[in-house]
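Quick note on labels: first sequence line is chain A, next is B, and so on, each numbered from 1.
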Number of protein chains: 2
Amino acid sequence: MRRDIFQAIADPTRRAIMGLIAVQAMTPNAIAEHFNTSRQAISKHLRILSECELLQQEQKGREIYYQLEINKMKEIDQWLAQFKAIWENRFNELDNILATLKNKTDENESTI
Amino acid sequence: MRRDIFQAIADPTRRAIMGLIAVQAMTPNAIAEHFNTSRQAISKHLRILSECELLQQEQKGREIYYQLEINKMKEIDQWLAQFKAIWENRFNELDNILATLKNKTDENESTI
DNA sequence: TATATTTGCAACTAATTGGTTTCTTAATTT
DNA sequence: AAATTAAGAAACCAATTAGTTGCAAATATA
């Protein structure tokens, strides 16, 4: 049952939960009200997110407020960086091609 | 069998495949040599990636060269943007607090 | 033409997943 | 003190998943 953050975000309900508690901490019951599934199902999702260290929790009486541990999300960004490097590089290459084409056009224009 | 890009990247083998063919196109056999699993298993992963529109393929004789469709990866970046906005915002807030603290210190120093 | 190679597809299996129901614990309210 | 509320845990179920084995189609080579 080794879980990682990529498995955590694979489920659409979990992604929705993450969006919900990204800014504001919420209790499991409050979260469950936003979905069609049972509180227990949400509770299991919260446990999975928790195992991935994606949650902060604060107990207040018998309520537990969960909030997204936003710093953990940087791990996805870091993984994505290798691909971002490629698409930005290709964009720059395209940029160079366009610039070269433009220069050639300018040269042609100057000979008119 | 509705697949999305988040499910595609949930599997560690698939993420490894993606890293492998991000820069250079490769055949299924060549990809499979990098892993402990069978060629058929890799083939299934490629099919899943394909269904998520994460692959470009080019047939050359009886070989098929697969390459990552890097533009599709931007979808993850777009989803991540909402969280990035939060962590950058919090960083700026921290920045402001530090700046305020520094100003106060400067004021105190000027009264010495 | 016969054989070998590359690949995809279908059927099957074991493990995992997301969900439900039921139960327990702990904290509040009446 | 009794009833209610919030939440986690365990047992179970249907669906999905990642993998295997076996096979068929297409291309290349002898």
Do side-chain atoms of B:R14 reach the backbone of B:A8 as a donor and acceptor pair under 3.5 angstrom? yes

Without decimals, in angstroms, what is the distance between A:R47 CZ and C:dT20 C1'? 15 Å

Considering only heavy atoms from C-beta outward, does the side chain of B:L46 approach that of B:P28 to under 4.5 Å? yes

Rounded to the nearest angstrom, tell me the gap between atom CG in B:L49 and atom P in D:dT17. 13 Å

Ordered by number, residues from residues 22-34 of chain B within less than 4.0 Å of DNA chain D (heavy atoms) are none

So B:I48 and B:D11, side-chain contact (heavy atoms from CB on, under 4.5 Å) or not? Walk me through it. CA-CA 11 Å; B:I48 289 167; B:D11 185 84; over 6 Å; no

Check: A:I64 and A:E58 side chains under 4.5 Å, non-hydrogen atoms: no

Using distance only, find each side-chain donor-acceptor pair of residues 81-91 of chain A under 3.5 Å and give its atom names and separation, not counting sequence neighbours.
residue	atom	partner	partner atom	Å
A:Q82	NE2	A:W79	O	3.1
A:K84	NZ	B:D77	OD1	3.3
A:R90	NH2	B:A22	O	3.3

First locate atom CZ of A:R39, then atom CG of A:N29, and finally report the distance between them rounded to the nearest 0.5 Å. 6.0 Å

What is the distance, rounded to the nearest whole Å, between atom CD1 of A:I42 and atom P of D:dG8? 12 Å

Taking the side chain as every heavy atom from C-beta outward, state whether A:I17 and A:I21 have any pair of such atoms under 4.5 Å apart. yes

Separation of C:dG18 C1' from A:E51 CD (nearest whole Å): 14 Å

Counting N and O atoms only, with roles assigned by atom type, does the side chain of B:R15 sit under 3.5 Å from a partner on the main chain of B:I9, one being a donor and the other an acceptor? yes

Measuring only between side-chain heavy atoms, which start at C-beta, is A:I42 closer than 4.5 Å to A:Y66? no

Taking five pairs at each terminus, the helix from C:dT1-D:dA30 to C:dT30-D:dA1 shows an axis bend, to 10°, of 10°

Which parts of nucleotides 18-25 of chain D does protein reach within less than 4.0 Å, heavy atoms only, written one letter per nucleotide 5' to 3' as B for base, S for sugar-phosphate only and - for none? BBBBB---

Does the side chain of B:Y65 come under 3.5 Å of the side chain of B:Q67 through a donor N or O and an acceptor N or O? no

Please report the distance, rounded to the nearest Å, between CG in A:D4 and P in C:dT17. 11 Å

List the residues meeting side chain to side chain donor-acceptor pair (under 3.5 Å) with A:N71, not counting sequence neighbours, and say none if there are none. A:K74

Please list, in numerical order, the residues of residues 53-67 of chain B that have a heavy atom closer than 4.0 Å to any atom of DNA chain D. B:G61, B:R62

Quick check for you: to the nearest 0.5 Å, what is the distance between A:E69 atom CD and A:Q57 atom CD? 12.0 Å

Strictly distance-based, threshold 3.5 Å: is any side-chain N or O of B:Q59 a donor or acceptor partner for the main-chain N or O of B:G61? yes

